Undergrad: 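Below is a structure I'd like to ask you about.
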Amino acid sequence: MEYNFQVDKEFAQDLDKQDKLNHIRDRFYVKDDEIYMDGNSLGLASKDAEESLLTMLDVWKNEGIKLWNIEQGKYYEYARRLGKDMAGLIGANPDEVITVGSTTSNIHQAISTLYKPTHDRYKILVDDLNFPTDRYAVDSQVRLHGYEVSEAVKVVKSADGIFIDEEAVIEAMTDDVALILLPTVLYRSAQVLDMEKLTKAAHARGILIGWDLCHAIGAIEMNFSTFEPDFAVWCTYKYLSGGPGSTAGLYINKKHFDKSPGLTGWFGNKDETQFQLLHEFDHQQDASGWQIGTPNLLSMAPLAGSLNIFKEVGMSRIREKSLHITAYMMYLIDEKLNQYGYKVENAREDSRRGGHVCLTHDEGYRISQALRDKGVVPDYREPNVIRLAPVALYNTYEEVYRVIEILEEIVKEDIYKDYSTKRHTVI
Ligand SMILES: *Cc1c(COP(=O)(O)O)cnc(C)c1O
């Protein structure tokens, strides 16, 4: 889409006045002296999340073990209830989504359920730009089946280290591939892969396919009902603002409900017979049947509050502002920062970029350090990427304007040179 932006600060202030989501910012713990652009690593806390967490603590204090039975089983059903809310964000059926585990453990759960290698079809297809934990999980899954990683993991390589070519992925869908795992939005370049096209191509070749939605959920609109992938996983602490380490999401397509979970536990048992405590597993045939142990309610409670905001606002309004505010950021970078060695390395088209801007600079690491000292919280990813996520629910256009001003100052006035290039463990 074409936007008409202007470079002055008043223009940014006008955009904030016109912003229909402006009032939602007050629901978040935004600091006066800090500009938070790291929502795609850990979303900010909201008052809604705090309230639902405190309510959960009260319930524990007041009810003890009885908490599982009060309010028509609200807490026993909690993982399903939040799953239903998240299903709404991806266009899935409510019973296809469960709140459980972590992204990584859910990859293990889904692959150990669906990966049934045969003599002729035994490979798992991945790309080389996905977040490393996905790859670690895939590698260990093929090893569990007795394969060497080099024989059973097929890697589609990015030609430029920035984007994945969808045609190359399709070409790699050969007869020996059993299963595919891909990211929906790439964590560095914010590229959005065409899930519908790739899922349909995989299914046409008899291959199962799963998606990692970590940088997509809460950022872009998705409609699983139109292409029905086999599984999907995601974390809830990035755009969904569920809190550090909040419980993750798992989507299992309904056509797989009759399969036995790869990793089985008593919370995947049918409700009716779970507390008979029999030694024969009686599989609950919906996504909740892929739960393993007792749901971690305290790690889900903040997510419940946060999801209420998503329900109230709706993904289409969130995506609309996100596209607009990231386009505005790219415009300012082009207008004001290119001359200082900064470059936008994400795709420009609306349909091909997620919720963050991938800004690169040869001195990206030192610039990120300087940004922090100037009250901006960015995210840095090797080798040279400054990730900036102006989040639709709580960032303003004026904040974007200010961040660009600071980025300019840091290079123009050689401020980054005061910093060391030595990497810290956690950045
Ligand atoms: C953030 C992220 C993860 C994180 O995995 P956890 O198990 O939640 O720690 C995994 N994959 C991708 C693509 C991510 O962006």
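Just the heavy atoms: all of them, side chains too, but no hydrogens, waters or symmetry mates, feed the values below. Quantities reported herein were computed from a predicted structural model and do not represent experimental measurements. In listed order, ligands and their atoms are each counted from 1.
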Undergrad: Would E405 and K336 pass as an ion pair if we require N to O under 4.0 Å?
TA: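 K336 and E405: not salt-bridged.
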Undergrad: Indicate yes or no: does R205 engage D175 in a salt bridge with an N to O separation below 4.0 Å.
TA: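 So R205 does not pair with D175 through a salt bridge.
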Undergrad: So, is Y187 polar-close to ligand 1, with some N/O to N/O distance under 3.5 Å?
TA: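 By distance alone, the answer is no.
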Undergrad: Report the part of T133 in contact with ligand 1, treating N, CA, C, O as backbone and CB onward as side chain, heavy atoms under 4.0 Å; options are side chain, backbone, both, neither.
TA: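 The part of T133 near ligand 1 is the side chain, not the backbone.
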Undergrad: Which of the atoms of ligand 1 are close to H215, meaning less than 4.0 Å from one of its heavy atoms?
TA: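 Those of ligand 1 that fall under 4.0 Å from H215 are 15 (O).
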Undergrad: Less than 3.5 Å between some nitrogen or oxygen of S105 and one of ligand 1, yes or no?
TA: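 There is no such contact.
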Undergrad: Is there a side-chain hydrogen bond (donor to acceptor under 3.5 Å, both in side chains) between T273 and D282 once you walk through the steps?
TA: CA-CA 7 Å; T273 53; D282 188 6; 2.9 Å; yes
Undergrad: Looking at R80, K74, R81, which one forms a salt bridge (Lys or Arg N to Asp or Glu O under 4.0 Å) with E77?
TA: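 Testing each of R80, K74, R81 against E77, the sole residue satisfying salt bridge (Lys or Arg N to Asp or Glu O under 4.0 Å) is R80.
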Undergrad: How does P183 reach ligand 1, by side chain, by backbone, by both or by neither, if only non-hydrogen atoms under 4.0 Å count?
TA: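 Looking at P183 and ligand 1, no heavy atom falls under 4.0 Å.
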Undergrad: What I want to know is whether D212 and ligand 1 share at least one N or O pair that is separated by under 3.5 angstrom.
TA: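 Yes, at least one N or O pair falls under 3.5 Å.
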Undergrad: In ligand 1, which numbered atoms sit nearer than 4.0 Å to a non-hydrogen atom of N130?
TA: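 With N130 as reference, the close atoms of ligand 1 come out as 13 (C).
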Undergrad: Against heavy atoms of S102, which atoms of ligand 1 measure under 4.0 Å?
TA: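 Listed by number with element, the hits are 7 (O).
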Undergrad: Regarding E312 and R27, does a basic nitrogen lie under 4.0 Å from an acidic carboxylate oxygen?
TA: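 Here E312 pairs with R27 in a salt bridge, since their nearest N and O are under 4.0 Å apart.
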Undergrad: To check you understand the geometry: which heavy-atom pair defines the closest contact between S189 and E345, and what is its length?
TA: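 Here S189 and E345 meet closest at CB-O, 4.1 Å.
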Undergrad: Just go through K238, R188, H108 and tell me whose heavy atom is the nearest to atom 2 (C) of ligand 1.
TA: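 Residue with the shortest heavy-atom distance to the ligand atom: K238.
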Undergrad: Can you tell me the protein heavy atom closest to atom 4 (C) of ligand 1 and the distance?
TA: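 Here the nearest protein heavy atom works out to Y237 OH, 3.2 Å.
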Undergrad: Going by an N to O cut-off under 4.0 Å, is there a salt bridge joining D350 and R352?
TA: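 Salt bridge between D350 and R352, a charged N being under 4.0 Å from a carboxylate O: no.
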Undergrad: May I ask you to identify, for T104, whether its side chain, its backbone, both or neither come under 4.0 Å of ligand 1 on a heavy-atom basis?
TA: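 For T104, the contact with ligand 1 is made by both the backbone and the side chain.
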